[in-house]
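To find a chain, count down the sequence lines: A is the first, B the second, and so on, and within it residues start at 1. Every heavy atom of this structure was used, including side-chain atoms; hydrogens, water molecules and symmetry mates were not.
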Amino acid sequence: MDKILVVDSVSKEYPGRVAVKNVSFSVKSGSIHGFLGPNGAGKSTTMRMIAGLLPVSSGRIELNGRPIEEQEISKLIGMLPENPPLYLDMTVRDYIKYVARLHQQNDINSRVDKILSDLSLQEVSHRLIGNLSKGYKQRVGLAQALVYDAPFIILDEPTNGLDPQSVVELREFIKKLSLQKTILFSTHILSEVEQLCDEITIIHKGEVKASGPMDEIRRIFKKGLTLSIGVSSGQKLPDLSPFGDVHAQLVSQDSVEDTYQLIFSSEEDVRKELGRYFYEKGVDLLTLGLEAPELEDIFLQMTEKQ
Amino acid sequence: MILTIWKKEVESYFSSPLAYVLIGLFSLISGVIFFNLLVTYSDGILAIPAHLAQEISFVDEVVVKLFANINFLFLFFIPLITMKSFSEEKKQQTLDVYWLGGVSEWKLVLAKNFAALTLILAMILMTCVYPLVIWGVGIRDVSILGASYLSIILNASAYISLGIFCSTLTHNQIIAALLAILGIMGMWMITWGSHLHSNYVLAEIFAYIGISSHFERVLRGLIGTQDIIYYLSFIFLFNFMAIKSLGKRNW
């Protein structure tokens, strides 16, 4: 897949404060790219710079291989900002029509009808936006980002403050949307990223801590080999010192099996040797599995370093 | 683009009760003023001998005073109209709609100016019954009426540009309105400097910068190139500052 967006050493400085420092990452065409960081990490600032709402202090942002300043990005990028820009005194339909007109679209009525139907907004289309629930308002915000059919969509914390039902619906919609568009999606909810994203960029205190495909990030940040093993209930683990420094932790117990998590200091795959060793020591090894580190562990590891 | 934004802004004005309250209040107050001026004028004429009565000019006593009073009413009405232009957008963070749509600052500022002017014109339209009365009493001078209306429309346009600039400065509508009132009063007060006797040049400069001298000339039908240049540069300056103030997002 080609890179649709390249952010190269981008910084944003305000008098006396650096909001974003030397941020670099790229987004592959057709992917859902998660932009992850705690509150105040610089996610919104970076996204606003990409959308052309804020100029960069230094660095370069390229969309489709060309600097964004040279392009008509109002046709290329659709954005749902953290606070959706909604006119509370307009009806849903009028507002979406208005946005379509600002983007100089043709066939405004059919476009508006389609987007209202895609987002299940028809039933509220004649209601004032100010009278809608937060979930509906967020959908109207999404509709304004999509009505002009830009190929690159930026969603700044789209599920923030929604009830669980709306969150699930919105995630489903984003998944469907990714079949046609590239999505850059920010959040501080880790499970959301794990469910939705192909690639992630982790940002903390204005700096990128990691960026790339999810599996790669997991691999890079793996401290050492992590295994999940199950032994017959009540059996003790043998002495694991032949395998170096091993951290063993009982994870769960039932009538048949005790499950442990073993974290080795080295990355060397010792599953075969471990199986033989357990057999020699007379311990029944019921299960043996390789564990990928949780994104949450990676995230905490990275942000706690600070 | 300007037309699209103008239409939305005008609809927004007329979908809130504020516009109707302001138009109603404006008609009421200007009507009372006009009635009082008429009564004072006719009482004055009846009270003095006929040969002196001809010396009292209807234009001076009624027309000029009426439009000068309307100008005074604008001190409060226009800031109330322009106060939410940008402050509300800033508060609700809705300006992103325009920046994401690639709408330039100047198009947005111009559209807001035209929308506010539309509402003012609707107010002024309500005063059109007065010229009919004036026509009825025999003043059939179209140029005087034309000049009078031109003068308040020019002043309104200038005040609107000032009010819109003020509303780009803050998220708070009330502060925006107060700033605009102070700004308009300031433009009136500068004219007082023209009474400075010690320095002729400075007095002339104050007279030119202040809006009142230009308003009076236009109102009396004495409009000159300098007045047109004055109004155009006033409106340009405040719109330019509004554009620059919106451009602060680029900091």
Side-chain angles (χ1 to χ4, degrees), chain A residues 12-15 17 19 44 47-57 68-69 71-91 94-105 108 128-130 137 140-141 144-148 150 152-154 156, chain B residues 1-22 81 83-112 114-116 119 167-168 171 173 243-251:
Chain A
K12 180 72 194 171
E13 288 159 27
Y14 293 102
R17 188 170 70 91
S44 293
M47 291 180 131
R48 291 179 76 79
M49 287 193 286
I50 295 169
L53 294 176
L54 270 178
V56 299
S57 301
I68 51 165
E69 310 83 56
Q71 305 183 64
E72 213 178 328
I73 47 172
S74 64
K75 290 199 168 41
L76 300 173
I77 297 181
M79 185 183 190
L80 171 66
E82 195 174 359
N83 298 297
L86 303 174
Y87 286 109
L88 305 181
D89 59 347
M90 286 176 100
T91 66
D94 285 349
Y95 171 67
I96 301 302
K97 264 190 183 176
Y98 182 55
V99 175
R101 282 204 187 95
L102 289 178
H103 285 267
Q104 296 169 309
Q105 297 295 304
I108 284 177
L128 292 181
I129 295 173
K137 278 183 188 160
V140 177
Q144 68 78 31
L146 298 175
V147 69
Y148 48 97
F152 187 73
I153 304 294
I154 298 175
D156 194 355
Chain B
M1 189 66 70
I2 293 178
L3 194 69
T4 305
I5 303 171
W6 168 82
K7 192 164 164 263
K8 183 244 157 206
E9 289 293 315
V10 171
E11 279 172 4
S12 166
Y13 275 132
F14 285 98
S15 68
S16 96
L18 182 70
Y20 301 98
V21 170
L22 287 180
I81 289 168
M83 65 181 182
K84 73 166 204 165
S85 295
F86 281 104
S87 55
E88 189 65 10
E89 302 251 16
K90 284 183 147 190
K91 195 172 156 197
Q92 305 287 350
Q93 298 181 301
T94 42
L95 285 171
D96 283 348
V97 165
Y98 301 101
W99 313 146
L100 286 168
V103 178
S104 61
E105 283 98 342
W106 73 266
K107 280 184 182 166
L108 186 59
V109 167
L110 271 192
K112 297 248 179 197
F114 289 141
L119 182 55
S167 99
T168 62
H171 292 68
Q173 294 189 30
I243 289 165
K244 286 288 146 199
S245 159
L246 286 175
K248 268 200 307 192
R249 74 194 169 95
N250 293 335
W251 284 10

Quick one: closest heavy-atom pair of [X] and [Y], and the distance?
{"X": "B:Leu100", "Y": "A:His103", "value": "O-CE1, 3.1 Å"}
{"X": "B:Met1", "Y": "A:Leu102", "value": "CE-O, 3.1 Å"}
{"X": "A:Ser74", "Y": "B:Gly101", "value": "CB-C, 3.5 Å"}

About how many Å separate OH of A:Tyr87 and CD of B:Glu11, when rounded to the nearest 0.5 Å?
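Reported value, rounded in 0.5 Å steps: 13.0 Å.
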
Flag if over 12 foreign heavy atoms under 6.0 Å of NZ, A:Lys75: yes

task = Give, as side chain, backbone, both or neither, the part of B:Leu95 having an atom under 4.5 angstrom from any heavy atom of chain A.
result =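 Looking at B:Leu95, nothing touches chain A.
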
Between B:Glu89 and chain A, which part of the residue has a heavy atom less than 4.5 Å away: side chain, backbone, both or neither?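 Only the side chain of B:Glu89 comes within 4.5 Å of chain A.
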
Cut-off 4.5 Å, heavy atoms of chain B, and the answer for A:Leu88 is side chain

| Looking at A:Gln104, A:Arg101, A:Lys97, which one forms a side-chain contact (heavy atoms from CB on, under 4.5 Å) with B:Thr4? |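 Among A:Gln104, A:Arg101, A:Lys97, the one that satisfies the side-chain contact (heavy atoms from CB on, under 4.5 Å) with B:Thr4 is A:Arg101.
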
Among B:Gln93, B:Lys8, B:Lys7, the residue with the most heavy-atom pairs under 4.5 Å to chain A is B:Lys8

